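Data first, discussion second: the structure below is written as structure tokens.
A quick note: this is a predicted structure, and the numbers were derived from the prediction, not measured.
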Amino acid sequence: FFRENPFNCGVTVDQQFHHDVFGYSVPGLNKKMNSNEDRFLSRTYRNITFFMVADGVSTADIGTGEIAAEEVVRLFKTDFFKRFEKLAVNLKQNIADDPAFDWYPSADDFLVRFFLEASERVTTELNALNETKNFKPPYQAPMCTTLSAAVVVYDQAAVRYAGDSPVMLFSPERNIF
């Protein structure tokens, strides 16, 4: 994992900063099955947001990336939702107490743990399918997904990604895209 973060732009966060989160997805090209294997999720708690995109990966004709991407979303909803709320409460309080609080390590640790557990969850699901030996479409292709996620803290973010789904910062005030 890289430690440099272009989304971390200052010593203190701007606590008055509000952000909007949006997602847009289209089905992959040249697929026989008309399905969209992308999944995205956002959760804002006290102006701190978790955002993730899981882009299911499959071959052009058989799709199982959708299962992997859905499993990653399910992981957040079942195992990380409460952890994120706890993180957001702690960050908000620590930043309120000390505007120069170094929030990045705890947000980054949250993301690292999420990525590790997501990888484990998808591997477990794939192994369970393998044990059944009942590979009917769409289960004949490898099951995997890219994953990009961020913990956005006011006007800054901790970002992690695995795969080729980019994370972009758009800020008209800073002329950044």
Side-chain angles (χ1 to χ4, degrees), residues 1-3 5 7-8 13-27 35-58 63-99 101-129 143-171:
F1 293 118
F2 295 101
R3 299 303 277 167
N5 184 356
F7 298 95
N8 196 355
V13 295
D14 178 357
Q15 296 180 46
Q16 302 305 311
F17 190 86
H18 294 279
H19 51 269
D20 295 316
V21 177
F22 67 93
Y24 176 75
S25 177
V26 295
S35 66
N36 189 339
E37 298 176 339
D38 302 347
R39 297 292 183 268
F40 55 90
L41 175 143
S42 69
R43 172 69 175 133
T44 299
Y45 191 81
R46 299 186 179 192
N47 206 26
I48 296 173
T49 299
F50 172 81
F51 186 75
M52 62 151 283
V53 174
D55 180 2
V57 178
S58 68
T64 59
E66 179 179 9
I67 297 166
E70 187 61 37
E71 197 61 37
V72 173
V73 169
R74 190 174 298 117
L75 172 68
F76 182 83
K77 290 178 177 179
T78 60
D79 296 2
F80 277 80
F81 179 79
K82 292 291 185 193
R83 293 186 210 182
F84 172 70
E85 284 186 343
K86 184 178 178 182
L87 172 70
V89 166
N90 289 338
L91 291 177
K92 181 138 179 121
Q93 184 61 52
N94 287 327
I95 291 168
D97 292 345
D98 176 9
F101 173 73
D102 187 8
W103 60 269
Y104 183 83
S106 55
D108 188 57
D109 182 61
F110 176 85
L111 290 172
V112 168
R113 290 178 189 278
F114 180 70
F115 272 66
L116 291 172
E117 290 190 36
S119 176
E120 186 176 298
R121 177 75 63 98
V122 171
T123 301
T124 299
E125 183 72 18
L126 183 57
N127 287 338
L129 286 172
M143 182 171 71
C144 59
T145 184
T146 67
L147 177 58
S148 299
V151 174
V152 181
V153 180
Y154 301 104
D155 62 335
Q156 300 180 29
V159 176
R160 292 285 177 165
Y161 62 93
D164 61 355
S165 296
V167 175
M168 296 179 211
L169 171 66
F170 174 72
S171 174

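The CZ atom of R113 sits 4.5 Å away from atom CG of D109, with the distance rounded to the nearest 0.5 Å. Remark: E71 CD to R39 CZ distance equals 11.5 Å, nearest 0.5 Å. Rounded to the nearest 0.5 angstrom, M52 CE and L75 CG are separated by 9.0 Å. Separating the CZ atom in F76 from the CZ atom in R121 is a distance of 12.5 Å, to the nearest 0.5 Å. Here the CD-CD distance, from E117 to E120, works out to 6.5 Å after rounding to the nearest 0.5 Å. The distance from atom CD1 of I67 to atom OG1 of T145, rounded to the nearest 0.5 Å, is 11.5 Å.
Using bins of under 30°, 30° to 60° and over 60° for the plane-to-plane angle, the ring pair F40/F51 lands in the tilted bin.
Contact record, A158 with L111: O-CD1, 3.3 Å, taken as the closest heavy-atom pair. Scanning both residues, V151 and W103, for their nearest heavy atoms gives O-CZ3, 4.4 Å. L147 approaches A118 most closely through the heavy-atom pair CD2-CB, 4.1 Å.
Side-chain atoms of D108 never come within 3.5 Å of backbone atoms of Y104 as a donor-acceptor pair (strictly under, hydrogens ignored). Formation of a donor-acceptor pair under 3.5 Å by the S119 side chain with backbone atoms of F115 is not found in this model. In this structure a side-chain-to-backbone donor-acceptor pair under 3.5 Å is missing from T146 to A54.
Tested against Y154 for a side-chain contact (heavy atoms from CB on, under 4.5 Å), the candidates L91, N47, T49 yield a single pass: N47. Each of V53, V73, V72 was compared with L41 under the side-chain contact (heavy atoms from CB on, under 4.5 Å) criterion, and only V73 meets it.
F84 has its ring centre no less than 6.0 Å from the ring centre of F114.
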Review point. Under the side-chain contact (heavy atoms from CB on, under 4.5 Å) criterion, do F50 and F80 qualify, and how do the steps go?
Key: CA-CA 10 Å; F50 172 81; F80 277 80; over 6 Å; no

